[in-house]
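Inspection log for the structure reproduced underneath, given as structure tokens.
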Amino acid sequence: MINYLNLLNNQQKLAVTTTEGPLQVLAGAGSGKTKVLTSRIVHLIEQKKCFGQQILCVTFTNKAANEMRDRVNKLINSRSIAFPWLGTFHSICNKMLRKNAEAVNLKPNFTIIDTLDQIKLIKNILESENIDIKKNPPKQIAYYIDQWKNKAQLPDDVNIKNQDFHLTNSLKVYKIYQKRLLVMNCVDFGDLILHVVTILKKFKDIKQLYQKNFKYILVDEFQDTNFIQNLWLKLLITEKNNICVVGDDDQSIYSWRGAEVKNILNFKDDFKNLKSIKLEQNYRSTENIINSATSLISNNEDRLEKNIWSDLGLGEKVKIKSYFDGISEAVGVSDIIEQVLSKKYKLSEISVLVRAAFQTREFEERFIKIGLPYKLIGGLKFYERSEIKDALCYLRLINQSSDDISYERIINNPRRSIGNSSLKKIHNFARSREISLFDASQEILKENILKPKTIHNLKSFLIHMISWKKKSENDDHVSLLETVLDESGYTLMLKNEKTPEADSKLENLKELKTSMKGYASLSEFLENISLQTSIDEDWDGEKINIMTIHSAKGLEFDTVFLPGWEEGLFPHPKSIEDRGTEGVEEERRLAYVAITRAKKELYISFANQRKFYGRQNDNYDLYTSISSRFINEIDDKFTEISIDENQADEFVFDQDFNSNSKNSPGWNRLKNNYNNQHNKKEKNIKTITFTENFTNFTVGETVVHSGFGTGKIIHIDGNKLLINFDDQGEKKVIDKFVSKTANE
DNA sequence: TAACAACGCTTTTTT
DNA sequence: AGCGTTGTTA
């Protein structure tokens, strides 16, 4: 047995041994938060305060949960102890809901739908309710529904002020949405916790069962919990109030998901006798890094003061670099990695953290080009890829035939000549009888509704489904998938395509089979795959990590690159637009999280111009950027700035750029800085002229269209050409559909 | 029903 | 630019 207490400093020790009553640990970045939580669990077990299954410990990601489980068992070092209630909010709620599904009229084998399914379902509802899809974007409705669920509001609890048109429609959809989910025996992410809260509120005996079991509650990343998660905790806690929350208000970055910083700021109001401990010594980063982070975050008003310090030495200064554009930024970063860092650090200890996912592309392209191994964390999740999703929907439907969303996805995939019109008929049939699409398919065959060809195909699909279902009861799930993919014709369809994309899809499906082997049953596999978090995927191998700052929360690396620190990107204008100063403060916390991921070396950079929307070459959509206000907020005692003079001479200011931010403090400051620095005033400032027509064609030119033949261009509007065709007369055509005639 | 043309949205962050 | 959706036509 390792003496875990000897490994702790005084405050950490206090946080571990104060087991009774409510405790709040304000843990600065890198101050040994996980160490405290794991040691605390060990302490509870060693002091025989409780058993492993009596600890409820909530983390933010599965990765964090697994890591804690490992570390605890390493410290205990004897037998392996089970901690069934150590996990994410969602995975724990999943477990509780499977056990008590009937209490909210679900069956225990319910399916968890993802965001894409959610949108699909909302679209269906809009269609059947005749609500205008253009005026009520499904994405926005999904967002409202999520927000209501985050506030623990069922449709009947929602109050709409001012008769807001969108909210009223969204609420109408919400009502139907919940009913449809129930009929399909499906839940969305929000439901996992909402249903459990409903059960705990409604059934005292169930609540008491859990309360009696959970002797101690621990919560990680408490600053990012939202209202319903807090409510859930309060429902599970007993009068003893043995709850320990660990968090850092400076790292609260999920307000858009309903997270409320006030949960941690006002925690003292919820619990009298609250003990509060601050962990202020940072064991992760060098002083220059920590001091940079501290000087930045001190610009925030509303925070619990902490005094983070490090004794790991000054270390390297934080390097701030300017690049000509996004591409040279990627080149610059890769050069530093190749020439300097790869000789000192493992590639897996290097990471590139970006504000928005689209920034990853330039880095990917560059790394591929020069052969630096990298991995992209987050992004399009493996199980969201279309072929994987198709395969999963087959399995989901086999597992649970009332899953209409899956049915719709696969019924005509591969093509079975059961198109939209037939599907609509099945849909109406199902709705009129209040049965699932799958059941409706069986019933509708008896009626004379579908065309003979459709009937034949539908019949053969159903026969397959029934035989797969039978197989799923006897055989293992891996061979089931193989059979399904073969017999459905899915594999054949991909093989016939003979494209590189189809080949990689087949590869991915193979990978899916491999990953299925790790699970005991089909249902266990389906549950787990839908609760996976973005950073749960592979962490093996010597590869540079590329991910968003949000995904990087809780992680650390020897060296970190933070590209794209520009006004207009970071702080993100949407965030400012939505929530003003509060938005900027959250962006600043995000910047704080980003900086404090670095242990030894940190590179911050900005590009003087950046491409948006993938367009290239032409001037018309090149956004000129200026460095982020956050760069100026970092005390320059800790930084080393290098702006390439040659690049600075190319510095282009676009006077017409984004008039909203033109007058922002950051813009003016940077402009002044720039002018002072060069002492040349307006001389270097060029204006980009917007060319009205940006197609390669000119009026009067003769062109060819594959359908309309040859014609003469009579007018150009952007990329739209008005052409007088020899045979067809005047037509408006987009330039990419015509080509120049050969003789020109 | 399938194939093609045209359009329009994307890019803030995610369990 | 690239993709998914919508609309039109065979």
Side-chain angles (χ1 to χ4, degrees), chain A residues 58-65 87-94 112 114-116 119 123 133-134 137-139 142-143 146 149-150 188-193 221 224-226 228-229 252-259 353-361 377-379 381 384 386 412 415-423 451 453-454 457 530-536 547-553 564 568-579 583 586-587 589-590 593-594 610-618 621 623 705-708 719-720 731-738:
Chain A
V58 202
T59 62
F60 227 68
T61 62
N62 295 309
K63 181 172 182 283
T88 63
F89 278 102
H90 290 86
S91 67
I92 292 171
C93 285
N94 173 49
I112 303 167
D114 66 19
T115 318
L116 293 167
I119 302 282
K123 272 186 192 162
I133 196 158
K134 291 240 165 68
K139 244 187 171 171
Y143 176 76
D146 271 351
K149 289 186 176 178
N150 286 336
D188 65 16
F189 287 128
D191 280 340
L192 283 171
I193 186 157
E221 308 275 14
D224 283 322
T225 57
N226 59 31
I228 195 167
Q229 291 166 335
S252 169
I253 55 176
Y254 280 102
S255 73
W256 47 275
R257 211 167 66 189
L353 309 181
V354 296
R355 173 64 184 85
F358 78 94
Q359 291 172 262
T360 59
R361 224 173 108 178
I377 290 143
K381 285 177 209 150
E384 280 172 357
S386 69
N412 203 29
R415 295 261 140 83
R416 296 188 179 88
S417 284
I418 306 174
N420 274 338
S421 61
S422 307
L423 185 59
K451 287 187 203 146
K453 191 182 163 200
T454 312
N457 289 335
S530 46
L531 290 174
Q532 244 176 44
T533 53
S534 61
I535 64 162
D536 293 340
M547 69 190 97
T548 63
I549 303 171
H550 281 88
S551 305
K553 194 172 75 146
L569 181 56
F570 195 26
H572 200 283
K574 274 261 167 61
S575 178
I576 304 173
E577 212 175 283
D578 292 351
R579 293 195 321 290
E586 177 149 322
E587 294 286 303
R589 292 193 291 270
L590 194 55
V593 169
R610 187 169 294 281
K611 272 179 278 176
F612 279 72
Y613 295 23
R615 289 182 195 159
Q616 293 183 23
N617 304 324
D618 298 304
D621 223 7
Y623 282 65
H705 184 273
S706 61
F708 305 139
N719 62 344
K720 295 183 193 83
K731 286 201 188 295
K732 245 189 189 175
V733 176
I734 287 188
D735 62 355
K736 68 178 171 186
F737 289 106
V738 300

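The shown structure was predicted, so the numbers you read here are calculated from the model rather than taken from an experiment. Below, chain A is the first sequence line, B the second, and so on; all start at residue 1.
Residues A:F189 and A:F89 keep their aromatic ring centres 6.0 Å or farther apart.
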Derivation and outcome, salt bridge (charged side-chain N to carboxylate O under 4.0 Å, His left out), residues A:D146 and A:R257: CA-CA 8 Å; A:D146 271 351; A:R257 211 167 66 189; over 6 Å; no
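When the C1' atom of B:dT12 is taken as reference, atom OH of A:Y143 falls 11 Å away, rounded to whole Å. When the P atom of B:dT14 is taken as reference, atom CD of A:E586 falls 13 Å away, rounded to whole Å. One atom, NZ of A:K139, and another, C1' of B:dT12, lie 11 Å apart when rounded to the nearest Å. Counting to the nearest Å, the C1' atom of B:dT15 and the CD1 atom of A:I253 are 13 Å from each other. Between A:K574 atom NZ and B:dT10 atom C1' there is a gap of 10 Å when expressed in whole angstrom units. Between the CD1 atom of A:I119 and the C1' atom of C:dG4 there is a distance of 14 Å, given to the nearest Å. As a whole-Å value, the separation of A:R355 CZ from B:dT13 C1' is 5 Å. Rounded to an integer number of Å, the gap from A:M547 CE to B:dT14 C1' is 15 Å.
The side chain of A:S421 has B:dT1 as its nearest neighbour among B:dT13, B:dT1, B:dT11. You'll find that the side chain of A:R257 is closest to B:dT14, out of B:dT14, B:dT1, B:dT13. For A:S417, whose side chain is taken as the heavy atoms from C-beta onward, the closest listed nucleotide among B:dT14, B:dT12, B:dA2 is B:dA2. You'll find that the side chain of A:K123 is closest to C:dT5, out of B:dA2, B:dT13, C:dT5. Candidate nucleotides B:dT15, B:dT1, B:dT13 were compared by shortest atom distance to the side chain of A:T88, and B:dT15 ranks first. Distance from the side chain of A:S422 is smallest to B:dT1 among B:dT12, B:dT1, B:dT13.
Here A:E586 pairs with A:R589 in a salt bridge; the nearest charged N to carboxylate O distance falls below 4.0 Å.
A:F60 comes within 4.0 angstrom of the backbone, heavy atoms only, and of no base. Using a 4.0 Å heavy-atom distance criterion, A:I576 is classed as making no nucleic acid contact. Among the atoms of the strands shown, base atoms are found under 4.0 Å from some heavy atom of A:D578. Counting any heavy atom pair closer than 4.0 Å across all strands shown, A:F570 reaches no nucleic acid atom. Across all strands, A:S91 comes closer than 4.0 Å to no nucleic acid atom at all (heavy-atom distances).
Toward the 5′ end of DNA chain B lies the nearest nucleotide of A:R415, the other residue of the pair A:R415 and A:D146 mapping further downstream. Of the two residues near DNA chain B, A:S551 and A:N420, the one whose nearest nucleotide lies more 5' is A:N420.
Side chain of A:D224 to backbone of A:A259: no donor-acceptor contact under 3.5 angstrom is found.
Distance check on atom P: C:dG4 versus B:dT11 gives 12 Å, rounded to whole Å.
Inspection of the A:R579 and A:S255 side chains reveals an N or O donor paired with an N or O acceptor under 3.5 Å.
Ring-to-base geometry places A:W256 in a stacked arrangement with B:dT13 (centre distance under 5.5 Å, plane angle under 30°).
Counting distance only, with no hydrogens placed and no angle test, the side-chain atoms of A:H90 and the base atoms of B:dT15 include a donor-acceptor pair under 3.5 Å.
Listed pair A:H550 / B:dT13 fails the phosphate criterion, with no side-chain N or O lying under 4.0 Å from OP1 or OP2.
With a 4.5 Å cut-off on side-chain heavy atoms, A:I549 and A:V354 do not count as touching.
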